[in-house]
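Inspection log for the structure reproduced underneath, given as structure tokens.
This is a predicted model, so every value here is computed, not measured.
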Amino acid sequence: KWDEIMKLLLDFEPCKECKTIMSELSSPEIIFGDEKARSDESAKFLRHLTYNHNEVVQAVMEDLPKQKKDQEPDFYQ
């Protein structure tokens, strides 16, 4: 399942709420908890980023097509 995860490095200034959510995401309760709890907390963070940090959304939109293209096989090699 880990090979299905796409990683994005985000360079932005987190606000107070971001820091709180990131702290919650890195807590033992979430890390060692059930998958539903991790999924819910991740969704909460993504919603926050989407609605409160337009610069992050813009960076992701610019980077995703590049990553997808890098993952496609090159048939002309």
Side-chain angles (χ1 to χ4, degrees):
K1 184 162 185 163
W2 288 104
D3 60 341
E4 297 173 8
I5 296 174
M6 182 178 287
K7 296 180 183 179
L8 294 172
L9 298 177
L10 302 175
D11 184 17
F12 73 106
E13 191 64 40
C15 67
K16 186 176 180 179
E17 189 173 354
C18 281
K19 291 177 183 177
T20 300
I21 298 171
M22 288 188 288
S23 179
E24 292 169 358
L25 280 168
S26 61
S27 72
E29 294 83 14
I30 297 297
I31 293 173
F32 300 111
D34 62 272
E35 190 171 330
K36 171 109 172 71
R38 280 193 304 277
S39 177
D40 289 347
E41 198 64 27
S42 293
K44 176 181 167 183
F45 186 51
L46 289 174
R47 274 192 306 276
H48 171 76
L49 289 175
T50 301
Y51 293 113
N52 298 287
H53 295 280
N54 193 42
E55 72 279 13
V56 172
V57 174
Q58 205 55 35
V60 170
M61 296 300 287
E62 290 172 7
D63 195 47
L64 280 178
K66 293 176 196 167
Q67 284 195 25
K68 184 176 181 190
K69 186 176 181 181
D70 290 345
Q71 292 176 357
E72 292 175 356
D74 186 0
F75 295 110
Y76 298 105
Q77 281 186 331

Taking C-beta and beyond as the side chain, do C18 and L49 meet within less than 4.5 Å on heavy atoms?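 Yes, their side chains come closer than 4.5 Å.
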What residues, two or more places apart in sequence or in another chain, satisfy ring-ring contact (aromatic ring centres under 6.0 Å, His included) together with H48?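 ring-ring contact (aromatic ring centres under 6.0 Å, His included) list for H48, sorted by chain: H53.
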Rounded at 0.5 Å granularity, tell me how far CD in E55 sits from CD in Q58.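 Taking CD in E55 and CD in Q58, the distance rounds to 10.0 Å.
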To the closest 0.5 Å, what do you measure between OG (S39) and CD1 (I30)?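 S39 atom OG to I30 atom CD1 measures 10.5 Å (nearest 0.5 Å).
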At their closest point, which heavy atom of K19 faces which heavy atom of P14, and how far apart are they?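 Result for this residue pair: CE-O, 3.6 Å.
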Residues forming a salt bridge (Lys or Arg N to Asp or Glu O under 4.0 Å) with K16, sequence neighbours excluded: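 Salt bridge (Lys or Arg N to Asp or Glu O under 4.0 Å) list for K16, sorted by chain: empty.
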Qualifying residues under salt bridge (Lys or Arg N to Asp or Glu O under 4.0 Å), relative to E29, sequence neighbours excluded: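 For E29, no residue satisfies salt bridge (Lys or Arg N to Asp or Glu O under 4.0 Å) once neighbours in sequence are set aside.
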Does anything in residues 38-52 form a salt bridge (Lys or Arg N to Asp or Glu O under 4.0 Å)? List the pairs, not counting sequence neighbours.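 Matches after skipping sequence neighbours: E24-K44, K36-D40, E41-K44.
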Members sharing Y51's hydrophobic cluster (side chains within less than 4.5 Å):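 Reading the cluster by chain and number, Y51 sits alone, since nothing else belongs.
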